[in-house]
2 protein chains.
Amino acid sequence: MTALNELIRIVGASHVLTGTQAEPYLNDWRGRYEGRALAVVRPGSTQEVADVVKWCAASKTPIVPQGGNTGLCGGATPDSSGTAIVLSLTRMNQVRSVDVDNDTMVVEAGCILQAAQTAARNADRLFPLSLAAEGSCTVGGNLGTNAGGTQVLRYGNTRELVLGLEVVTAQGDIWHGLRGLRKDNTGYDLRDLYIGSEGTLGIITAATLKLYPLPVAQCTALLGMASVSDAVAVLAAARKGFGASLTGFELIGGVCLHGVVQCYPQQRIPFEGDSAKLPWYTLLELSDSESAQHARERFEAIVSQTLDENLVIDAVIAESITQSKALWHLRESIPLAEKAFGKSIKNDVSIPVSRMAEFVEVTNAALQARMPGVQHVIFGHLGDGNLHYNVACGQACTEKELLARQDELYELVFDSVHRFGGSISAEHGVGQLKRDLLPRYKDPLELALMKRIKQALDPQGLMNPGKVLN
Amino acid sequence: MTALNELIRIVGASHVLTGTQAEPYLNDWRGRYEGRALAVVRPGSTQEVADVVKWCAASKTPIVPQGGNTGLCGGATPDSSGTAIVLSLTRMNQVRSVDVDNDTMVVEAGCILQAAQTAARNADRLFPLSLAAEGSCTVGGNLGTNAGGTQVLRYGNTRELVLGLEVVTAQGDIWHGLRGLRKDNTGYDLRDLYIGSEGTLGIITAATLKLYPLPVAQCTALLGMASVSDAVAVLAAARKGFGASLTGFELIGGVCLHGVVQCYPQQRIPFEGDSAKLPWYTLLELSDSESAQHARERFEAIVSQTLDENLVIDAVIAESITQSKALWHLRESIPLAEKAFGKSIKNDVSIPVSRMAEFVEVTNAALQARMPGVQHVIFGHLGDGNLHYNVACGQACTEKELLARQDELYELVFDSVHRFGGSISAEHGVGQLKRDLLPRYKDPLELALMKRIKQALDPQGLMNPGKVLN
């Protein structure tokens, strides 16, 4: 077949996959989406990416860029037509350079996030992007979706960690934008346009990333409290007391912790009696540039202040790195504790922090009115206003009944998010999953502007068609 | 005249200025550019801005948006044709709201930067954008040019301080994008496209800005050293030791300090003997969330470490807020010390920090070879890689001769900046001043992509024509 021969000519026969070899690239890992493709093409260099795209542009072949294929919204899965190629960037996995004095490194799109973190650490620096999939997701995927994670409160989303990009445009030209500059006001911000565009405007092949000093010590605490509004007040106190040293502030519903220890009995909630049965907990992380002792002293000051103010009911400050890890492990186990709650309807929403308490109260009540007995499995990055506001069966129904009403419950939750000035996708992106919801929740003018940008940069509509925009 | 009547109908007769009333809006404050306009129009609301723009779009009248008119590149001055209107946003000067729990505030484009800072401080919060013109520049101008300033090292450029925008498009539609969310991954990043576009894509009428906790204490020190590379090494030590508490790191050529005390004899260099004659100094600021004593102890630790390592030759740590202010005043007086150096050719460039020492050495040598005896007046935000690399007559020539060779010296400096991977406009933007230099230093593909964006959002080319792009 001519098409395959052309692709083989560019990247070599062993990097054009079809049949069973291609299969792992054609489904998303959660098993929600399944597609077909002409072939999976795995270029080994930016020039090869450009050559593949040029061929696609000439032959009007759609392109679905793919990194570690760990996305949650089907953004890297082709449609069922079989006309597109999947362009896998996993062979472009090098850390090209680390510039210690400039606090930057240049990383290729296919580099596993954890490998990028390690390269930074080996240079005595921190690359702060950190999320559950870091062992298998790629930097290119993080860039394409503007990934969030657990350190956004201090370091920002992926967008804020990038200084420069190398991009192959929809025409197959290479934009050499790998600048390592913290200030550059010489024109439009193309960088941030490509970041978060989910491969629909071009293909990011490499990026110049910001590095930070490694913290000297980290300290973690779990605080129990009566309400979300108390948690918001503790956040304000922690931001004031810790400044930029506050690197994590997670909200955890008490229900979530109990679900974790039910599923994983080797884990434990570090409280006894009534303190183990509080409705809400917050997990705080402080990163200190002085010493472990200094970090602990600062924590004790804030904890005793918020205890005195009756914002916090009980508190545990980790005594060791092992205990810190155990607290984080509790938090990270929540999404895995499905056995306790059954399958749930998962939401990744953001709300202004100031409206969070009211949002939870109002939305919980609306859900109970609609499906009495339904269970709220709520946790997330309170410091960023980002909640994983999940809904499980509880006493309300069976898993099957719940999932059958998914669209209805999405609408209930998202309508509430929208009324509170929030976003229906805080950190996971749009992909296929939320594409058709955008017109309900986004300003029509904003969608029209997006379409004009799409038309300007990808007039043939070949870049990841059907994702983000319809 | 019909046009004026139409504009008067929208904003009222007292807000359509012509003749001598219009004059202050038709020149830039440095007196480099002078233009003409059909009228200066001062709308009082977003809707009035939209109505004016709709009228302009229908009548094909170019629009030059203007804030405090403090720009350095002629971006807010109309051309000499007299066909454009100047759209002054200074009447839209309200802080619409402060959301303390969300750490955000909504500010209109015409609000003076200092008024925005004050509104934040009144709510016990910091709005960190800070620059020399803050008493007269507007937030809209800061947004349009992505202004930098003295706190970029810690808080980023204006871009990084913005969560949401309200924009009137080139068609006169209003984009209601005033979101107060730290995470929102539901489409293309229009926000960052408008920021830094210098009014060439649309008109920003309001923004949701990020707030931070006020520091409890600040401490300042002036360190003297032998070379730029020693200054870079001190920067690395300070970043490691202070983490995010390092909020300022300025490089100052010794020549600059002597020029300041020559012009302003009431100021003094806080060193004696040889320490007052060092080639380089750095001004460091530490913002502490604990106490003044704690800040001072941390400073002493870093200063004694860098003295031991022979990176620093002598150091003064401010003993009081008054002394801190005196040190900053020395730094801020440098651009005003023209009497000492005569008129100079001013450059606002950025270079990767790791290449800064070599850049200064090589470029100084090239300038001396071209014009022996010329004086280097170098200072800037080393922590951001941003230098004001200015060139004064010294023994080389008269002011007149120097200015006559401005284009030649720009080219010499910018060619060197380009070779070192730098930017010819770090924080001042492009405007008219550097528009025609972009094709020499920017990737042609990047310029082509910018033009496609411009065409997509402003197909009639009415938004601030002749700025940024030709």
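Basis for what follows: all heavy atoms, side chains included, without hydrogens, waters or symmetry-related copies. Each chain gets a letter, A, B and so on, in the order its sequence line appears, and its residues count up from 1.
Residue contact with chain A, scored on non-hydrogen atoms closer than 4.5 Å, involves the backbone of B:Ile351 exclusively. Residue contact with chain B, scored on non-hydrogen atoms closer than 4.5 Å, involves the side chain of A:Asn157 exclusively. For a residue to count as touching a neighbouring chain, one of its non-hydrogen atoms must lie under 4.5 Å from one of that chain's; by this rule B:Leu457 touches chain A with backbone and side chain alike. Heavy-atom distances place no part of A:Tyr441 under 4.5 Å from chain B, backbone and side chain included. When heavy atoms are compared at a cutoff of 4.5 Å, A:Lys210 approaches chain B solely by way of its side chain, counted from C-beta outward. For A:Arg298, the part lying under 4.5 angstrom from a heavy atom of chain B is the side chain only. Both the backbone and the side chain of B:Arg452 have a heavy atom closer than 4.5 Å to some heavy atom of chain A. The contact between B:Asp192 and chain A is made by backbone and side chain atoms together, counting heavy-atom distances below 4.5 Å. Of the two parts of B:Lys434, neither the backbone nor the side chain holds a non-hydrogen atom closer than 4.5 Å to a non-hydrogen atom of chain A. Of the atoms belonging to B:Val430, heavy atoms from both backbone and side chain fall under 4.5 Å from chain A. Interface remark: A:Asp288 contributes no atoms to any contact with chain B (heavy atom separation under 4.5 Å). For a residue to count as touching a neighbouring chain, one of its non-hydrogen atoms must lie under 4.5 Å from one of that chain's; by this rule B:Thr145 touches chain A with the backbone only. For chain A, the nearby part of B:Asp124 is the side chain; its heavy atoms alone come within less than 4.5 Å. Within the 4.5 angstrom heavy-atom criterion, only side-chain atoms of B:Asp99, from C-beta onward, approach chain A. Within the 4.5 angstrom heavy-atom criterion, no atom of A:Leu447 approaches chain B.
Going from atom CZ of B:Arg159 over to atom CZ of A:Arg159 covers 10.0 Å, rounded to the nearest 0.5 Å.
Contact check for A:Leu449 versus B:Tyr188: no side-chain heavy atoms found under the 4.5 Å cut-off. Here the side chains of B:His294 and A:His294 are in contact, with some heavy-atom distance below 4.5 Å. In this structure, the side chains of B:Ser425 and A:Asp184 stay at 4.5 Å or more apart for every pair of heavy atoms. Looking at A:Leu437 and B:Thr186, their side chains never come closer than 4.5 Å, going by heavy atoms from C-beta outward. Residues B:Lys183 and A:His381 meet the side-chain proximity criterion, which asks for heavy atoms closer than 4.5 Å.
The most heavy-atom pairs under 4.5 Å with chain A, out of B:Ala244, B:Ala456, B:Gly243, B:Ala426, come from B:Ala426. The choice from B:Val216, B:Val232, B:Leu201 that makes the most heavy-atom pairs within less than 4.5 Å of chain A is B:Leu201. Contact count versus chain B (heavy atoms, under 4.5 Å) is highest, among A:Glu160, A:Glu290, A:Gln455, A:Arg355, for A:Glu290. Contacts with chain B were tallied for A:Asp173, A:Leu181, A:Asn185, A:Leu178; A:Asn185 has the most, counting heavy-atom pairs under 4.5 Å. Per-residue heavy-atom pair counts under 4.5 Å with chain B were compared for A:Gly187, A:Pro444, A:Gly177, A:Ala233, and the maximum is reached by A:Gly187. Among B:Ala301, B:Gly241, B:Gly196, B:Gly383, the residue with the largest count of heavy-atom pairs under 4.5 Å with chain A is B:Gly241. Among A:Val167, A:Val468, A:Val152, the residue with the largest count of heavy-atom pairs under 4.5 Å with chain B is A:Val152. Interface check for chain B: of the options A:Glu427, A:Arg435, A:Arg154, the most heavy-atom pairs under 4.5 Å are formed by A:Glu427. Per-residue heavy-atom pair counts under 4.5 Å with chain A were compared for B:Gly429, B:Ser245, B:Pro215, B:Gly156, and the maximum is reached by B:Gly429. In terms of non-hydrogen atom pairs under 4.5 Å with chain B, the most contact-rich of A:Glu446, A:Lys240, A:Glu198, A:Lys454 is A:Glu446.
Using modelled atom types, no side-chain atom of B:Asp189 and backbone atom of A:Ile195 make a donor-acceptor pair closer than 3.5 Å. At distances below 3.5 Å, not a single donor-acceptor pair connects side-chain atoms of B:Asn386 with backbone N or O atoms of A:Arg182. A donor-acceptor pair under 3.5 Å links the side-chain atoms of B:Asp443 to the main chain of A:His176, judged by distance alone.
The shortest heavy-atom contact between A:Asp101 and B:Val353 is O-CG1, 3.6 Å. Across every non-hydrogen atom of B:Ser354 and A:Asn102, the tightest pair is OG-CB, 3.6 Å.
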